[in-house]
Amino acid sequence: MVLGENLEGLRQNTNRARKQVLIADDSQSSRDLVRFILKRSGCDVIEAQDGEQALALALEFIPDLFILDLNTPKLDGYSVVFELRKQAPFIQTPIVALSASVAQTDSARIATAGFSAFLTKPIPPASLRKCISQLL
Amino acid sequence: MSAETSGAERWLAAIVESSDDAIIGVSLQGLVVSWNASAARIFGYSAEEAIGKPIQVLIWPAKEDERDVDLLRRITQGERIDHFETVRRHKNGTTVLVSLSVSPIVDSNGILIGVAKIARDITSRVAMEQSLIAVSDQVRLLTEQEAQARVASLANRRFRELIEGAPDGILQVDGTGTIILSNRTAETLFGYSPDELVGKSVDHLVPETHRAGHAEHRANFAEAGIARPMGMGLDLHARRKDGSEFPVEISLSPVKTEAGIQVVAVIRDVTERRRVEQQVRTLQESYMAELEARQKEAQRLNHLKNEFLASVSHELRTPLHTILGFTDLLSEELEGTLNETQKEFVQHIHHDSEHLLGLINDVLDLSRIESGGLRLHTESLSVREAILDAVRGIKHQADAKSVGMQADNSGDFRVIADPVRLRQILYNLLSNAVKFTAAGGTVSVVAQANGTAVRISVADTGIGMSEEEQAQIFHRFYQVSSSTGGAGLGLAICKQLVEIQGGSISVESELGSGSQFHFELPMA
């Protein structure tokens with residue numbers, strides 16, 4: 001499921017002016033939140049419901065940044081980043097991990113899994129924007 | 001001599017003659033002058049034989065008694081002797097015991113002319129006295145013996161009654177294995193009629209399967225001679241007259257008799273006891289089985305509960321995250337300004353949502369800790385790294401409030417702890433510290449060695465707390481002020497987490513200046 005205008009123009013365009021951010025989270029509400037947070041950040045948001053869809057859409061759109069919830073169904077965040085890092089377009093792409101609780105935040109594991117940064121929910125909107133702008 | 005005088009003399013003579021006692025007149029020279037019939041009887045000499053003879057020769061014993069010698073002296077001095085018991089000799093040589101009365105005879109002028117001796121034969125009296133003494137001695141002896149015999153007999157009877165009445169069977173067995181004594185209980189136990197057991201070989205009472213070894217055991221026991229229970233711990237059985245067998249316990253003691261070493265056996269029928277023991281065992285087994293089943297069930301339910309909690313917690317938290325996110329977006333007013341009232345509304349929503357989120361997190365955590373469902377994966381951890389990690393995690397909250405963060409990187413300690421839980425404790429303490437510190441304040445983390453532990457301190461320059469607050473701070477649901485959100489479980493959880501990892505936690509604080517939370521964990 002993809003939102004945003006000019007769908008066709010977004011594909012395979014690495015020099016585009018607007019950056020593309022892929023959010024993978026199984027909660028619609030969470031995905032909406034990210035979309036609204038980044039609304040004025042000059043990014044287009046591509047939404048994935050689960051890990052498998054995240055990979056499929058990644059290949060289709062080659063996003064500039066990933067925001068992956070660690071708990072996505074079918075393939076969790078760790079598995080997705082593992083797959084992404086194996087593929088040429090995404091070796092250097094910034095990938096942010098979203099973790100649902102302090103207990104789940106295993107920063108060592110997150111770092112070694114290949115993520116570029118992590119945030120724990122609930123995420124203050126300002127923090128997310130700052131993180132994205134630093135990475136892009 | 002006148003007629004009267006001769007009449008009186010005749011009376012005197014008659015008296016002398018008829019006296020039972022020997023009356024002897026002796027001259028100063030010691031010769032017998034008069035000798036009465038009783039003298040003849042007592043001493044065996046007739047008057048003709050005695051008169052004119054020296055008295056000493058006649059009747060004094062062979063060995064001179066010095067008392068008799070002394071007697072003469074006393075008599076010549078005019079003394080009168082009475083009841084002088086001494087020994088004389090019969091004509092035939094036998095000894096005669098006499099009681100003498102001796103008195104001087106004086107003439108009309110008072111001159112001593114002789115001695116009158118009256119001798120009473122006390123032989124028979126003495127003999128009788130002696131036989132009386134002997135008899136009374138014997139009687140006394142017999143009485144004593146009889147008394148002893150009675151006592152012995154009584155003791156014997158009592159002893160017998162004791163043996164007979166004992167609740168256990170008692171047998172005495174001689175060296176050949178023959179029963180020489182059995183009590184009533186033993187007879188009843190083994191199904192024999194009274195006295196039927198005495199004389200039988202004890203082997204009759206041993207089950208056939210064990211007879212072979214029994215004789216040897218008996219011999220060994222007699223040699224060792226120590227009282228002991230037989231075959232301790234073994235399942236002993238005895239055999240009744242009708243051939244049936246029953247379980248027994250037997251105690252043996254050696255007894256020394258003139259016939260050699262014999263054995264006394266006390267036999268207890270333990271049929272009932274074994275039955276009860278078996279019942280208890282069966283009951284125990286069924287209880288153990290039930291206990292195990294219940295434990296398994298409890299574990300299963302606990303596991304289900306934890307799984308439920310884990311899955312539910314994610315579902316409960318997710319919507320709250322977005323609520324908080326959207327209230328933040330509203331507050332940013334990027335999609336439109338809010339009037340003061342609207343801003344207040346948004347603040348309320350945000351605050352209560354945070355509160356709810358805190359509640360959920362804490363309740364789930366505490367529930368897991370308390371049900372023991374919290375599994376710890378302890379390992380050796382770097383304290384410095386854990387601190388840096390936690391500080392990184394809290395940084396954006398601190399920055400948002402303009403509270404400074406300081407972490408002391410000097411030490412390089414390691415602790416034995418669960419990495420996730422250590423992070424949780426640090427994060428909790430840091431979060432509290434930031435929460436209670438105003439803009440411009442500082443939160444710092446320091447680690448030090450303290451004996452076999454590492455002491456980590458989280459200090460803030462925040463509002464601090466009073467002594468009463470400090471006393472309550474680690475209690476469940478206690479909150480310094482409810483306006484700061486959370487359910488008041490955070491520090492209670494920290495305490496639990498620290499303690500289950502073998503550590504301790506404490507607080508120092510001054511109202512208005514700030515607080516320092518210290519916790520210790522075992523050094524690696």
Side-chain angles (χ1 to χ4, degrees), chain A residues 23-43 45 47 49-50 67 69-73 76-77 96-112 115-134, chain B residues 310-311 313-332 334-335 350 353-354 356-358 360-361 364-365 368 374 377 381-382 385-386 388-397 399-401 418-428 430-431 490 493 497:
Chain A
I23 167 74
D25 194 312
D26 61 330
S27 151
Q28 174 70 69
S29 204
S30 299
R31 292 195 300 271
D32 286 347
L33 181 61
V34 169
R35 194 159 39 82
F36 279 114
I37 291 175
L38 299 179
K39 183 174 170 183
R40 290 159 204 282
S41 302
C43 312
V45 175
E47 298 178 23
Q49 276 179 317
D50 57 63
I67 302 173
D69 181 284
L70 291 173
N71 277 326
T72 43
D76 71 7
V96 179
L98 286 185
S99 95
S101 64
V102 176
Q104 207 196 8
T105 310
D106 190 344
S107 59
R109 189 183 174 200
I110 291 172
T112 54
F115 286 101
S116 319
F118 76 88
L119 292 167
T120 42
K121 294 182 181 179
I123 314 153
S127 304
L128 183 58
R129 287 189 207 111
K130 187 169 166 194
C131 176
I132 304 289
S133 69
Q134 276 176 350
Chain B
S311 74
S313 71
H314 180 74
E315 300 305 316
L316 289 175
R317 284 192 270 241
T318 307
L320 280 173
H321 293 155
T322 54
I323 291 172
L324 287 167
F326 282 113
T327 50
D328 282 342
L329 284 176
L330 275 173
S331 299
E332 283 179 338
L334 292 174
E335 297 299 322
H350 188 95
S353 303
E354 267 190 342
L356 187 55
L357 186 61
I360 294 169
N361 285 333
L364 292 171
D365 259 354
R368 253 183 297 149
L374 203 70
H377 304 287
L381 301 170
S382 159
E385 274 174 36
L388 287 177
D389 215 18
V391 166
R392 233 181 287 136
I394 202 79
K395 198 108 190 358
H396 64 251
Q397 263 170 260
D399 288 345
K401 264 190 95 177
D418 176 308
V420 170
R421 299 305 157 188
L422 178 56
R423 188 183 317 116
Q424 196 173 357
I425 295 163
L426 280 169
Y427 190 83
N428 222 302
L430 286 171
S431 166
I493 290 174
L497 287 177

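As a basis for the values below, the full set of heavy atoms in this structure was taken, side chains included, without hydrogen atoms, waters or symmetry mates. Naming: A, B, ... by sequence-line order, numbering from 1 per chain.
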Open item on the list: If you define the side chain from C-beta out and look only at heavy atoms, does anything of A:P122 sit under 4.5 Å from B:L357?
Closed with: yes
TODO: Could you pull out the closest heavy-atom pair between A:P125 and B:G325, with the gap in Å?
DONE: CG-O, 3.9 Å
Task: Contact summary for B:H321 and A:L33, nearest pair of heavy atoms - done: O-CD2, 4.1 Å
Task: Approximate separation, where rounding is to 0.5 Å, of A:D25 CG and B:T318 OG1 - done: 7.5 Å
Open item on the list: Is A:R109 in contact with chain B via its backbone, its side chain, both, or neither, using a 4.5 Å heavy-atom distance?
Closed with: neither
- [ ] Check each atom of A:S27 against the heavy atoms of chain B and say whether the ones under 4.5 Å are side chain, backbone, both or neither.
- [x] side chain
Open item on the list: Tell me which one of B:D328, B:L329, B:L334 satisfies side chain to side chain contact (heavy atoms under 4.5 Å, CB included) with A:I37.
Closed with: B:L329
Task: Heavy-atom pair count under 4.5 Å with chain A, highest-scoring of B:R392, B:E385, B:H396 - done: B:H396
Open item on the list: Using a 4.5 angstrom heavy-atom cutoff, name the option from B:R317, B:E335, B:Q397 with the most pairs to chain A.
Closed with: B:E335
Open item on the list: To the closest 0.5 Å, what do you measure between OG (A:S127) and CG (B:D399)?
Closed with: 8.5 Å
- [ ] Please examine the side chains of A:R40 and B:E332, heavy atoms only from C-beta on, and report whether any two atoms are closer than 4.5 Å.
- [x] no
